[in-house]
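Below is one structure, written out as structure tokens; the observations come after it.
Computed from a predicted model, the values in this text were never measured in an experiment. Both ligands and their constituent atoms are indexed starting at 1 by order of listing.
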Amino acid sequence: MMTSTNIDQEILSAVQSATRGPGALHEPMLGDAERRHANACIESGWISYAGSYVKQFEDTLAEITGAQHVIAVTSGTAALHVCLMMADIKHGDEVLVPAFTFVASANAIAHAGAQPHFVDIDDETLCVGPARLSTYLSEICERKGGETINRETGRKITALIVVHTFGQAADMAALMKVCEDFDITLIEDAAESLGTSIPGQHTGTFSQTAALSFNGNKIITTGGGGAVMTDDPEIAAHIRHLTTTAKQPHKWEFIHDAVGYNYRMPAINAAIGVAQLEQFDDFLARKRALAVAYENVFDSVSGVAFIHEREGTTANYWLNAISLETADASVRDVILSTLNDAGYGCRPSWRPLHLLSPFADSPRDRLPVTEDLYLRIINLPSGIKVCP
Ligand SMILES: *Cc1c(COP(=O)(O)O)cnc(C)c1O
């Protein structure tokens, strides 16, 4: 079917009727609760990582996600870096990661001294596709002493980062099986998926470690921040130590027993996070109402499909997305320009990472779904302020 010529106007009308009005892609919702907790934090004098706010924030996240341990850090990128360090990545190892993700997922791999190796997503979940991944690894790898070696580069493939794209859950059961088959450590990039579950289990609790982000555009924000989740008490203790400059507890001496990191989240940020989490159930409900409204209006726009949560999963609908029937950047860009001119902060999906100069030479699978969806996906305004 041909996409109609005034599709940009049709999409604009649909977005106008589903939302409260113009707005950014994902503007944070800040108010009295944030002011109250930030003030209390300042009054206490403990604005760095000591004091009660960081622990309170971590405990609440553990309650929401069911993770045994949550360690708040300075960003989602730092959280991913920590996850990779816990996976015992050696210099030059390869880490599998979708090309269809925010650049931070691959940056963290480079920060850990490893090489991103790009894999494709599947068009139903928008996340790494387990079937293709398994076939691909069988084709390119050889198994040696319990390790998976890329035959072409001679490097070990140590880990897989799965991203729960736009807050849609990946097919974790199948991905866990692939990782088990190839002795690859699984890491979840749950930066976008706080509140997303595969019923009964929150995303980010299927893997050894997982990363959350609280950047200004995420479902809850601390200004900037992130967290690592794990169920392993030893890994949790190691992370707390390493992210706090690897300082041994001592009354007055500065004894550091490793090259540590200054990655701990400051309390002033955690205070804002505590305020945001008080409203989290409300945020989730309102975002779901917006997703339902989008789904309803786009039902009658031909040539456009709303990205709905996969059956058997609950999405947080961090970013609502539509997929155009026509894979044509010029059609997409006309739509983006009409909507942005009218004040509706719409965006294409991220430019696939293998097309960015720092990662142009990274090893990769064929990426047909990634390259196709890059031309077809449009993210719609999704912040709380535009929710009905
Ligand atoms: C936001 C995001 C990150 C990084 O988070 P920062 O807090 O900005 O460092 C990582 N991965 C994905 C998929 C993200 O969306």
Side-chain angles (χ1 to χ4, degrees), residues 24-28 57 61 70-85 95-112 114 116 118-119 121 125-128 159-170 172 175 186-196 203-204 206-207 209-229 243 261-266 269-270 272-273 276 287 307 315-321 345 347-354 356 358-359 370 373-374 377 379 382-383:
L25 185 68
H26 205 293
E27 202 180 327
F57 184 54
L61 285 169
V70 176
I71 302 98
V73 295
T74 46
S75 71
T77 310
L80 280 171
H81 185 198
V82 168
C83 292
L84 288 157
M85 288 194 282
V95 175
L96 303 164
V97 65
F100 193 91
T101 180
F102 180 55
V103 69
S105 313
N107 284 345
I109 296 171
H111 296 167
F118 297 117
V119 293
I121 52 170
T125 59
L126 307 182
C127 303
V128 174
L160 163 68
I161 295 181
V162 168
V163 182
H164 299 289
T165 313
F166 306 150
Q168 298 287 343
M172 291 314 296
L175 288 166
L186 180 56
I187 294 169
E188 288 169 274
D189 179 344
E192 304 174 0
S193 70
L194 183 65
T196 298
T203 51
F206 292 87
S207 48
T209 58
L212 295 171
S213 166
F214 312 112
N215 190 38
N217 63 345
K218 296 290 161 48
I219 189 163
I220 68 142
T221 185
T222 58
V228 185
M229 302 196 275
T243 54
Y261 294 82
N262 178 14
Y263 274 176
R264 292 286 279 150
M265 176 183 282
N269 298 85
I272 293 169
Q276 291 264 291
K287 286 178 74 72
I307 308 278
N316 66 0
Y317 285 106
W318 170 59
L319 280 191
N320 290 284
R347 294 286 180 272
S349 60
W350 311 277
R351 180 160 300 194
L353 300 188
H354 65 294
L356 299 180
F359 301 115
T370 296
L373 285 181
Y374 170 55
I377 293 267
N379 286 118
S382 299

I'd like to check which ligand 1 atoms, numbered from 1 as shown, lie under 4.0 Å from a non-hydrogen atom of [X].
{"X": "Gly225", "value": "7 (O)"}
{"X": "Val163", "value": "13 (C)"}
{"X": "Ser213", "value": "1 (C), 5 (O), 6 (P), 7 (O)"}
{"X": "Thr77", "value": "4 (C), 5 (O), 6 (P), 9 (O)"}
{"X": "Ala104", "value": "3 (C), 4 (C), 10 (C)"}
{"X": "Ala191", "value": "2 (C), 3 (C), 10 (C), 11 (N), 12 (C), 14 (C)"}

Any [X] side-chain heavy atom under 4.5 Å of [Y] side chain:
{"X": "Thr203", "Y": "Met172", "result": "no"}
{"X": "Phe359", "Y": "Ile109", "result": "no"}
{"X": "Thr196", "Y": "His164", "result": "no"}
{"X": "Asn320", "Y": "Ile307", "result": "no"}

Can you give me the closest heavy-atom contact between Ala159 and Ile187, atom names plus distance? CB-CD1, 4.3 Å

Looking only at distances, can you tell me whether any N or O atom of [X], backbone or side chain, sits closer than 3.5 Å to an N or O atom of ligand 1?
{"X": "Lys218", "value": "yes"}
{"X": "Thr101", "value": "no"}
{"X": "Gly76", "value": "yes"}
{"X": "Trp318", "value": "no"}

Check each heavy atom of Ser75 against ligand 1 and say whether those closer than 4.0 Å belong to the side chain, the backbone, both or neither.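 Under 4.0 Å from ligand 1, Ser75 contributes backbone and side-chain atoms.
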
Would you tell me which option among Asn217, Val73, Asp189 has the nearest heavy-atom contact to atom 10 (C) of ligand 1?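 Looking at heavy atoms only, the winner is Asp189.
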
Write out the residue and atom name of the closest protein heavy atom to atom 13 (C) of ligand 1, then the distance separating them to 0.1 Å.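 The answer is Glu192 OE2, 3.1 Å.
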
Mind checking whether Phe166 and Phe100 have parallel, tilted or perpendicular rings, split at 30° and 60°? perpendicular

Phe118 and His354 aromatic ring geometry - parallel, tilted or perpendicular at 30°/60° bounds: tilted

Residue that, paired with Val163, satisfies side chain to side chain contact (heavy atoms under 4.5 Å, CB included) out of Thr101, Leu126, Ile121: Thr101

Non-hydrogen atom of Gly226 closer than 4.0 Å to ligand 1: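 Gly226 does not count as a contact of ligand 1 under the 4.0 Å cut-off.
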
